[in-house]
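See below for the structure under consideration.
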There are 2 protein chains.
Amino acid sequence: MAGSTSTRAQIVDAANRLFYEHGFEHTSFAAIAEAVGISRGNFYHHFKTKDEILIGVIEARLHSTRAMLAEWERDEPGPAERVRRFVEIVITNGADIENYGCPVGTLTNELAKLDHPARSQAVAVFELFRTWLREQFEALGFTVEADDLAMHVLAFSQGIATLSNAFHDGEFVQREVDRLHGWLDERLADHASPRSRR
Amino acid sequence: MAGSTSTRAQIVDAANRLFYEHGFEHTSFAAIAEAVGISRGNFYHHFKTKDEILIGVIEARLHSTRAMLAEWERDEPGPAERVRRFVEIVITNGADIENYGCPVGTLTNELAKLDHPARSQAVAVFELFRTWLREQFEALGFTVEADDLAMHVLAFSQGIATLSNAFHDGEFVQREVDRLHGWLDERLADHASPRSRR
DNA sequence: CCACGACTAGGACGCCTGTCCTAGTACTGA
DNA sequence: TCAGTACTAGGACAGGCGTCCTAGTCGTGG
């Protein structure tokens with residue numbers, strides 16, 4: 001609680017980045033220590049185990065995600081624009097996603113494979129997006145479908161992220177984002193004057 | 001080249017499964033040896049390094065994928081049915097995907113994070129599906145769009161797999177598969193008598 | 001001035017990893 | 001029968017890992 005940014009926060013920041021870029025398991029204490037610029041042993045004073053750092057990282061992600069969503073609620077005029085803002089993430093963070101995939105999806109899957117107790121907490125980040133998207137669709141007048149629509153947007157984004165990472169194809173990403181925007185247009189139009197029901 | 005199934009093949013099989021379930025890095029030589037039922041040291045006779053095993057696993061996956069696609073070409077009457085067969089994978093392999101995600105997507109991403117030289121070979125499995133799907137769409141009369149459509153189907157499947165793994169929700173998977181089938185219906189109808197162009 | 005807590009550096013520890021060696025067995029072909 | 005090859009078991013090896021300890025520094029409050 002001393003410096004401008006506490007050592008603890010610096011550790012979490014560095015670990016957050018390294019877990020994203022190289023995975024949780026492949027990131028060693030030594031690597032985090034080097035990134036922060038502190039000694040390995042010093043770690044023990046802030047975090048007893050690697051799992052504690054992981055929990056710290058997930059909590060930081062939950063916090064920053066909540067902040068981002070709140071910012072979108074402030075900045076964007078309506079729910080439709082907010083959903084579109086979400087859809088654009090894969091472009092906004094295009095470079096990182098090409099290199100490392102989606103931070104949420106990849107961490108969740110790694111923890112699933114490791115059978116790690118923190119898996120459910122990693123899923124909570126997904127749930128944050130899911131709930132927020134559902135609320136946007138509810139604000140758009142959808143009721144029972146809202147959650148389905150939220151999950152669809154989430155799934156679409158995940159698919160784009162995975163293939164962006166595999167193929168490093170920015171044009172593909174743009175094309176699929178446009179497609180998702182188009183899908184959203186149709187859903188909103190359908191809902192305004194329902195004719196078909198797909 | 002002795003037994004009914006060679007030791008080498010057994011090693012590749014076990015490693016294939018373990019790499020899928022626990023990840024490449026988290027799978028140790030000892031774990032593979034135990035799964036096969038041979039001694040750790042014996043490994044060296046078949047594979048010099050862990051990377052060699054990985055390459056063997058990827059080659060095995062390429063081989064089995066090609067075989068599966070060829071089987072679908074034999075079994076399914078037309079290209080549309082074949083694409084639908086692909087879409088159904090996330091249900092056919094639903095249990096595994098819920099637990100471990102898509103074998104192709106998760107391995108590709110792990111190797112990307114490890115900056116592993118075999119990454120491009122893992123992507124080749126994706127390319128196999130991509131090319132095959134494109135050929136099906138070409139057989140359906142699409143030309144320039146064929147590859148886009150292939151990538152869309154691929155991306156959709158990846159998104160479903162990722163969220164299936166995160167949320168363990170079989171109903172969601174079924175809903176999204178239905179949605180993708182519906183999308184395919186529209187594309188095929190549009191193409192038969194083009195009216196709109198989304 | 002002193003005591004105390006917050007913080008840090010450096011290294012020791014036991015364990016597990018991938019790699020590699022060596023001795024030994026089983027089978028094959030001349 | 002014998003040589004040679006394919007294969008196996010078991011363990012040695014160095015290095016890296018997460019964890020943990022200890023000694024020491026710094027800054028603040030009594």
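By convention in this document, chain letters (A, B, ...) are assigned in the order of the sequence lines, proteins followed by strands, and residues within each chain are numbered from 1.
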**Request:** May I ask you to test the B:Val125-B:Thr108 pair for a side-chain heavy-atom distance under 4.5 Å?
**Result:** no

**Prompt:** Are OP1 or OP2 of D:dT8 and a side-chain N or O of B:Thr7 less than 4.0 angstrom apart?
**Reply:** yes

**Asked** Can you tell which of D:dT19, D:dT8, C:dT19 lies closest to the side chain of B:Tyr44?
**Response** C:dT19

**Asked** Distance-only, no hydrogens or angles: does the B:Glu52 side chain make a donor-acceptor pair with backbone N or O of B:Lys48 under 3.5 Å?
**Response** yes

**Asked** Are the side chain of A:Arg82 and the backbone N or O of A:Glu73 linked by a donor-acceptor pair below 3.5 Å?
**Response** yes

**Request:** Keeping the roles fixed (side chain from A:Ser64, backbone from A:Arg61), state whether a donor-acceptor pair exists under 3.5 Å.
**Result:** yes

**Message:** Looking only at the side chain of A:His45 (C-beta and beyond, no hydrogens), which of the listed nucleotides C:dC7, C:dG18, D:dC7 gets closest?
**Reply:** C:dC7

**Item:** Whole-Å gap separating C1' (C:dG5) and NE2 (A:His46)
**Value:** 14 Å

Tabulate protein N/O versus nucleotide N/O from nucleotides 9-12 of chain C, keeping only pairs under 3.5 Å, one per line.
residue : atom : partner : partner atom : Å
C:dA9   : OP2  : A:Ser39 : N            : 2.9
C:dA9   : OP2  : A:Asn42 : ND2          : 3.4
C:dA9   : N7   : A:Ser39 : OG           : 3.4

**Request:** Would you mind reading off the distance between A:His116 atom NE2 and D:dG18 atom P, rounded to a whole angstrom?
**Result:** 12 Å

**Under 4.0 Å protein heavy-atom contacts per nucleotide of nucleotides 23-28 of chain C, with B for base, S for backbone only and - for none** = ------

**Asked** In terms of side-chain geometry, is the basic nitrogen of A:Asp178 or A:Arg175 positioned less than 4.0 Å from the acidic oxygen of its partner?
**Response** no

**Complete:** When rounded to whole Å, the CD to P distance for the pair B:Gln10 and D:dC7 reads 13 Å

**Prompt:** Parallel under 30°, tilted from 30 to 60°, perpendicular over 60°: which one fits the rings of A:Phe142 and A:Phe137?
**Reply:** perpendicular

**Request:** Please confirm whether the backbone N or O of B:Tyr100 pairs with a side-chain atom of A:Asn109, one donor and one acceptor, at under 3.5 Å?
**Result:** yes

**Message:** Between B:Arg179 and B:Glu176 (salt bridge meaning N to carboxylate O under 4.0 Å), is one present in this structure?
**Reply:** yes

**Asked** Can you list every ring pair (Phe, Tyr, Trp, His ring centres under 6.0 Å) pair that touches residues 33-87 of chain B, not counting sequence neighbours?
**Response** B:Phe29-B:Phe43, B:Trp72-B:Trp132, B:Phe86-B:Phe129

**Message:** Could you tell me how far apart B:Phe43 (CZ) and D:dC7 (P) are, to the nearest whole angstrom?
**Reply:** 15 Å

**Message:** Regarding B:Glu138 and B:Arg134, does a basic nitrogen lie under 4.0 Å from an acidic carboxylate oxygen?
**Reply:** yes

**Item:** Selection: residues 11-27 of chain A, any non-hydrogen atom under 4.0 Å of DNA chain C
**Value:** none

**Asked** For B:Ala95, does its backbone N or O pair with a side-chain atom of B:Glu98 as donor and acceptor, under 3.5 Å?
**Response** no

**Complete:** The complete set of side chain to side chain donor-acceptor pair (under 3.5 Å) pairs with one or both residues in residues 25-38 of chain B, sequence neighbours excluded, reads none

**Asked** Is there a residue in residues 47-60 of chain B whose heavy atoms reach under 4.0 Å of DNA chain C, and which residues are they?
**Response** B:Thr49, B:Lys50

**Message:** Is the distance between the ring centroids of B:His152 and A:Phe172 under 6.0 Å?
**Reply:** no

